[in-house]
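Beneath this line is the structure, given in structure tokens, with notes to follow.
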Protein chains: 2
Amino acid sequence: MVSESLQVKHLGEQGLLRRIQTFCPAGMVGDDAALLTVSPGRSLVVTEDLLVDGVHFSVGLASPGVITTSPADAGWRAVAANLSDLAAMGAAPLGITVGLGLPGDLPVDWIEQLYQGMTDCLSQFNTPIVGGDLCRSPVFTVAIAAFGEVDPGHVLRRATARPGDVIWVTGPHGASRAGLELLIHPEQGEGLTEGDRAALIRAHQRPLPRLDVMPLLRACGAAGEGETDGKGRFNPPTAPLTAMDSSDGLADAVLQICRASGVGAVLHRRQIPLPVGLVDWVGEPQAIAWALYGGEDFELVMCLPGAIAQALQAQLPGSAIVGDIVAGHDVILRDETGETPDESLRLDQGFQHFGD
Amino acid sequence: MVSESLQVKHLGEQGLLRRIQTFCPAGMVGDDAALLTVSPGRSLVVTEDLLVDGVHFSVGLASPGVITTSPADAGWRAVAANLSDLAAMGAAPLGITVGLGLPGDLPVDWIEQLYQGMTDCLSQFNTPIVGGDLCRSPVFTVAIAAFGEVDPGHVLRRATARPGDVIWVTGPHGASRAGLELLIHPEQGEGLTEGDRAALIRAHQRPLPRLDVMPLLRACGAAGEGETDGKGRFNPPTAPLTAMDSSDGLADAVLQICRASGVGAVLHRRQIPLPVGLVDWVGEPQAIAWALYGGEDFELVMCLPGAIAQALQAQLPGSAIVGDIVAGHDVILRDETGETPDESLRLDQGFQHFGD
């Protein structure tokens with residue numbers, strides 16, 4: 001096939017644009033900027049992510065060797081990360097823009113697969129690509145900005161956790177990190193069933209942002225409506241809900257919420273939901289480490305009253321109440337069985353470093 | 001000073017975030033995404049730009065040697081480019097998000113100067129930085145998404161030029177390219193006055209997006225209000241206005257508008273407004289080439305009825321009617337004096353190539 005050898009530098013910006021526009025709704029792309037409608041009374045939510053080859057994914061150009069991420073999967077994951085940020089604000093997606101920094105020798109076929117992966121993920125949520133930018137870059141870079149809308153009274157914040165809240169997570173943690181391990185070392189995980197193995201790999205390659213949680217919150221009466229008072233001022237509901245996504249790991253999410261809210265937390269080690277088969281494969285300490293620090297699970301971590309969390313847990317299989325918000329500033333990982341001593345969690349363990 | 005030697009890798013993400021947040025409004029940054037309000041009845045406009053060191057600017061890391069762009073100027077220009085895209089849609093800015101891809105050895109001082117330049121430009125238009133992303137990258141990269149709002153009846157489009165329209169530009173072209181030349185070769189332009197030299201360099205380092213044009217269009221009655229009919233349907237004004245910014249050069253703007261609108265154009269060579277002193281310095285052919293293909297002047301190129309253009313020209317010093325939209329597909333540069341033969345303009349002359 002000719003397209004297998006076609007590279008970015010052979011097409012130029014206009015030729016490339018024409019191919020990319022086939023992935024966008026007709027009429028949406030081609031002006032200086034894109035036009036979107038925010039529903040009356042709703043607020044706009046915007047988020048931006050920058051992903052760099054060799055840092056956030058590996059397409060084999062920056063670091064030839066093991067390729068763990070196909071172009072389509074890289075596209076899916078880039079979109080999922082941004083939609084997950086919208087989900088963590090309680091917002092419904094309106095559209096995304098995509099900026100690409102492209103080395104001249106990048107295969108065009110590769111870019112089309114990237115867009116296919118992005119649109120595959122977006123189509124799950126009826127969300128279009130509305131615009132973007134193309135430019136030359138020595139390292140392949142993807143910049144995604146995502147736009148959503150939210151009722152001002154339903155915004156999920158990070159700084160509103162209060163002592164007495166419980167910590168509820170929407171699903172298992174550590175699956176993405178485990179899937180990555182299986183891709184790098186396919187000989188590992190001998191004891192896993194084929195289904196469990198495939199599920200872990202899928203969690204890494206095709207994570208789903210939890211845009212399903214906000215409707216569930218409303219259905220459970222957890223997302224209050226707020227009200228406008230006699231003077232036309234909008235009063236948010238009395239109990240704002242706290243949420244963050246676990247893109248940088250469960251520990252990071254809890255630590256960020258606690259720091260923003262000025263509270264502490266106790267995480268119950270034995271209650272953290274882990275993927276099926278993981279403990280048998282790597283042992284409990286490694287499984288917990290991946291759950292806490294692996295990242296990219298894109299679940300939501302919420303702090304809310306226990307009664308609401310229990311109602312939500314009953315509605316959402318796989319979710320779990322994993323801890324309590326307490327006074328103070330310490331975030332403690334506690335093994336209620338006493339088998340493992342208390343651990344104090346710190347931000348820098350799950351953190352991106354800028355060194356080389 | 002300690003900060004002179006402080007590098008990104010010494011601070012880590014959290015330390016860097018704390019320094020950057022001093023450039024953002026309190027409470028705006030720190031959640032998963034940013035929250036903005038679009039005024040009732042107005043549409044959202046979004047645009048995204050990716051800028052890469054060594055391609056769009058040179059900070060001296062990618063290509064040690066001549067440094068033509070200070071960190072503060074790079075920040076100003078990156079913001080100006082995005083606000084210019086909003087201006088070209090007829091929109092007023094609401095905010096921007098900034099994604100940074102950072103090499104570990106980038107000086108922190110440099111990043112603070114970048115943000116200072118961005119906020120210096122933004123403050124001219126009361127526009128905040130509302131969020132962003134930081135990540136590691138082997139090459140310094142800036143991704144900016146800008147958000148604006150526009151009345152649906154006042155959107156400036158690219159595909160609406162019609163034969164009979166004139167082409168009106170909001171200011172001189174070629175100044176940014178000339179300023180770059182003076183920065184690279186300070187020994188040039190001996191005959192320029194100090195004021196003219198400073199103006200050319202400033203045009204390159206601190207371009208101003210033409211967000212002042214939309215209010216002028218309204219004041220001149222050019223931007224129709226549109227109306228809602230008896231059935232609640234919104235009817236845009238009968239004569240939509242066409243606009244694009246000249247970030248990629250005047251030729252590119254006219255060619256893009258013509259291609260999108262299915263029309264041709266005649267540009268009158270002697271009517272293209274050039275910066276003071278440029279022809280005397282480099283000669284007319286070079287001055288015209290820089291005006292057509294230099295780019296980064298961030299003026300608006302509009303197509304509209306001649307009577308409106310004349311009213312606008314009278315209101316906006318430096319602006320000029322430079323040509324006519326005609327039937328067909330050719331874009332011709334014509335010298336009415338007959339001194340220079342007609343030239344046919346083509347897209348690829350002003351175009352970014354992806355080769356190395």
Side-chain angles (χ1 to χ4, degrees), chain A residues 8-9 11-14 30-38 40 43-52 54-56 62 85-86 88-89 91 97 99-102 104 130-133 135-139 141 143 145 147-148 155 157-159 244-245 260 347-348 351-356, chain B residues 8-9 11-14 30-38 40 43-52 54-56 85-86 88-89 91 97 99-102 104 130-133 135-139 141 143 145 147-148 150 155 157-159 244-245 260 347-348 351-356:
Chain A
V8 164
K9 65 185 169 203
L11 273 186
E13 186 176 1
Q14 289 303 304
D31 227 310
D32 300 273
L35 212 58
L36 287 172
T37 304
V38 178
S43 290
L44 171 67
V45 176
V46 297
T47 179
E48 184 170 27
D49 265 342
L50 198 62
L51 299 107
V52 178
V55 179
H56 299 88
D85 280 334
L86 295 182
M89 294 291 284
T97 58
L100 294 183
L102 301 168
V130 298
D133 188 29
C135 72
R136 186 160 56 87
S137 171
V139 58
T141 304
F147 319 102
V155 179
R157 300 281 188 179
R158 194 179 286 190
M244 187 172 161
D245 78 346
L347 264 182
D348 50 8
F351 253 61
Q352 187 176 46
H353 293 282
F354 285 93
D356 312 295
Chain B
V8 163
K9 64 185 167 200
L11 273 186
E13 187 175 1
Q14 289 303 305
D31 227 310
D32 300 272
L35 211 58
L36 287 171
T37 304
V38 178
S43 290
L44 171 68
V45 175
V46 297
T47 180
E48 183 170 27
D49 266 342
L50 198 62
L51 298 108
V52 178
V55 178
H56 299 88
D85 280 333
L86 296 182
M89 294 292 283
T97 57
L100 295 183
L102 300 168
V130 297
D133 188 30
C135 73
R136 186 159 58 87
S137 171
V139 59
T141 304
F147 319 101
V150 64
V155 179
R157 300 281 189 178
R158 195 179 286 190
M244 188 172 159
D245 78 348
L347 263 184
D348 49 9
F351 253 61
Q352 187 176 50
H353 294 282
F354 286 94
D356 311 297

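Any value given below was found using the heavy atoms of this structure, including those in side chains, with hydrogens, waters and symmetry copies removed. Quick note on labels: first sequence line is chain A, next is B, and so on, each numbered from 1.
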Legend entry - Contact summary for A:Glu48 and B:Thr97, nearest pair of heavy atoms: OE1-OG1, 2.8 Å
Inset, instruction - Drop me the distance from A:Phe147's CZ to B:Leu36's CG, to the nearest 0.5 angstrom. - result: 10.5 Å
Inset, instruction - Return the option, out of A:Pro40, A:Pro138, A:Gly148, A:Ala91, with the maximum number of heavy-atom pairs under 4.5 Å with chain B. - result: A:Pro138
Legend entry - Contact summary for A:Leu35 and B:Arg157, nearest pair of heavy atoms: CD2-NH2, 3.4 Å
Inset, instruction - Sort out for me which of A:Leu51, A:Leu44, A:Asp49, A:Val52 touches chain B most, counting heavy-atom pairs under 4.5 Å. - result: A:Leu44
Legend entry - Flag side-chain contact, heavy atom, 4.5 Å: B:Val38 against A:Thr37: no
Legend entry - Name of the residue among A:Val55, A:Val139, A:Leu50 meeting side-chain contact (heavy atoms from CB on, under 4.5 Å) with B:Ser137: A:Val139
Inset, instruction - Find the one option among B:Val155, B:Val45, B:Val150 whose heavy-atom pairs under 4.5 Å with chain A are most numerous. - result: B:Val45
